[in-house]
Amino acid sequence: MVQAYRAETENADPGPRRPGTRLRALRHRLATDRGIWRRGIVLALCSVLLTLVMVLHAKIPNTIGNTGSLIETFLPWFGLFVPPLLLLGLLRRSATAVIALILPVAVWLNLFGGLLFAEKSGTGGNFTVATHNVNAGNPDPAGTAQQIAGADADVVALQELPDGKVKAYESALAGHYPHHSVQGTVGLWSKYPLSDSRPVDIKLGWTRAMRATVATPQGPVSVYVAHLPSVRVKIDAGFTASQRDRSADALGETISHDPIERVVLLGDLNGTMNDRSLNAVTAQMRSTQGAAGDGFGFSWPAAFPMARIDQIMVRGVEPLSSWTLPATDSDHLPIAARVQL
């Protein structure tokens, strides 16, 4: 009987452990597991490498496949490497791997935390602009034009206007915008009179950029519309963007000599504000999204936006708000901004 009693007592369920007991057991395992610091060295090195790429992205050369520009285009997405590194570190039970993640997290937050957590968008302003790459193959030009007109912007810039569809956009926007100018494959529609409308040579051999003076109640504003050449990511050539880069230099040179103090650039630049190859433009103008937009404001591709290659940039005016408009039948999202002239 005594032996039976002892067996029942020893096999009895001790009941749920208290949280303090589990915590002490965890501390004990961590203290006695001498490999916790030796395991995961490779994972820790991956975190250091990720950190260096984000910190030194401007130093990565473009000599081979424009690698630097490619990385800068998708730089915000490098934060997605952190969760799998954390999971692997936990699975390996490596304190070294987990603690090393502090480095890339801190750098990413320093680079992009302000875009996610800072509320920069304000109210007011007296001049609203919108821009949209409507896509040459857009099946519903009139519907797309009506959607853009619904933003009630003072000026609207459109890119990728094929000859056969220009009339459709003109007819759909005529009731909202009495003044417009189309140069090549880009166009500008305005509530205010336009003057000095002309093509801008961006070294392509055909017209994909223009300039016009908008006579606003607050005085003249020089408005540029541009569609820089597309870039490609190829297995054998990397990030092919040489023509885009030459066009950006030409556009920046023209803008730098504009005689009007207040300048607005609208268009598809096929590059982000982080891309050093757009420095000829970005060094002299401010992004409305960067100055007064909430979030990243990605605009392409419309089905799953991954980068903001459509831009609204200003010089001599104050950005107050910037946002992305609802999707149309294009592969780009339209964007808009409100500024104070």
Side-chain angles (χ1 to χ4, degrees), residues 127-202 204-216 221-230 247 251 264-270 288 297 299-303 305 308-313 322-339:
F127 192 58
T128 303
V129 298
T131 181
H132 188 28
N133 180 328
V134 295
N135 188 1
N138 193 314
D140 185 16
T144 295
Q146 290 295 334
Q147 281 187 253
I148 299 303
D152 196 32
D154 295 304
V155 297
V156 169
L158 301 182
Q159 304 90 53
E160 276 199 30
L161 297 172
D163 288 338
K165 297 181 179 180
V166 170
K167 292 293 185 183
Y169 287 105
E170 289 176 333
S171 298
L173 293 171
H176 301 274
Y177 299 99
H179 312 281
H180 84 281
S181 175
V182 175
Q183 307 285 338
T185 61
V186 297
L188 182 66
W189 278 258
S190 174
K191 294 181 179 180
Y192 307 120
L194 299 177
S195 63
D196 197 20
S197 298
R198 63 178 186 268
V200 172
D201 182 12
I202 56 173
L204 281 176
W206 69 96
T207 302
R208 284 178 43 153
M210 64 169 288
R211 177 210 178 275
T213 300
V214 181
T216 75
V221 177
S222 181
V223 178
Y224 287 80
V225 183
H227 182 195
L228 297 188
S230 299
S247 293
L251 178 63
V264 176
L265 169 61
L266 308 167
D268 174 5
L269 302 190
N270 270 307
T288 59
S299 63
W300 176 88
R308 186 181 179 88
I309 63 175
D310 302 276
Q311 306 291 350
I312 298 175
M313 305 187 68
S322 188
W323 63 96
T324 302
L325 295 169
T328 68
D329 283 322
S330 172
D331 57 339
H332 291 244
L333 294 178
I335 60 175
R338 190 159 180 81
V339 302

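- Here the side chains of L194 and T213 are not in contact, with every heavy-atom distance at 4.5 Å or above.
- T185 and H227 are not linked by any side-chain donor-acceptor pair at a separation below 3.5 angstrom, with hydrogens and angles left out of the test.
- Separation of atoms CG (L173) and OG (S190) is listed at 12.0 Å; rounding is to 0.5 Å.
- Remark: E160 pairs with N133 by the side chain to side chain donor-acceptor pair (under 3.5 Å) rule, at least two apart or across chains.
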>> The test is side-chain contact (heavy atoms from CB on, under 4.5 Å); show your working for T131 and V129 and say whether it passes.
In response: CA-CA 7 Å; T131 181; V129 298; over 6 Å; no
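- Aromatic ring pairs are classed by plane angle as parallel below 30°, tilted from 30° to 60° and perpendicular above 60°; the pair W300 and H332 is tilted.
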> How far apart are the C-alpha atoms of L325 and I335, what are their side-chain angles, what is the distance that settles it, and do they pass the side-chain contact (heavy atoms from CB on, under 4.5 Å) test?
Replying inline: CA-CA 5 Å; L325 295 169; I335 60 175; over 6 Å; no
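- At distances below 3.5 Å, not a single donor-acceptor pair connects side-chain atoms of K191 with backbone N or O atoms of V155.
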> Passes side-chain contact (heavy atoms from CB on, under 4.5 Å), T288 versus W323? Steps please.
Replying inline: CA-CA 9 Å; T288 59; W323 63 96; over 6 Å; no
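- A donor and an acceptor atom, one from each side chain of T144 and D329, are nowhere located under 3.5 Å apart.
- Among S197, S222, S181, the one residue that satisfies the side-chain hydrogen bond (donor to acceptor under 3.5 Å, both in side chains) test with R211 is S222.
- Judged by distance alone, the side chain of N270 and the main-chain N or O of P229 form a donor-acceptor pair under 3.5 Å.
- Separating the CG atom in N135 from the OG1 atom in T328 is a distance of 8.5 Å, to the nearest 0.5 Å.
- Judged by distance alone, the side chain of Q311 and the main-chain N or O of G267 form no donor-acceptor pair under 3.5 Å.
- No side-chain donor-acceptor contact under 3.5 Å links S299 and R308.
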> Going through the checks in order, is the salt bridge (charged side-chain N to carboxylate O under 4.0 Å, His left out) test met by R208 and D201?
Replying inline: CA-CA 8 Å; R208 284 178 43 153; D201 182 12; over 6 Å; no
> Do V134 and Y169 pass the side-chain contact (heavy atoms from CB on, under 4.5 Å) test, and can you show the C-alpha distance, the side-chain angles, and the key distance before you say yes or no?
Replying inline: CA-CA 10 Å; V134 295; Y169 287 105; 3.3 Å; yes
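- Listed by first then second residue, pairs satisfying salt bridge (Lys or Arg N to Asp or Glu O under 4.0 Å) with a partner in residues 171-187 number zero, not counting sequence neighbours.
- In this structure, OH in Y192 is found 7.0 Å from CZ in F127, a value given to the nearest 0.5 Å.
- A search for side chain to side chain contact (heavy atoms under 4.5 Å, CB included) contacts involving A327 returns L333, not counting sequence neighbours.
- Side chains of H180 and E170: a donor-acceptor N/O pair is present below 3.5 angstrom, by distance only.
- Checked by atom type and distance alone, the side chain of K165 never pairs as donor or acceptor with a backbone atom of P139 at under 3.5 Å.
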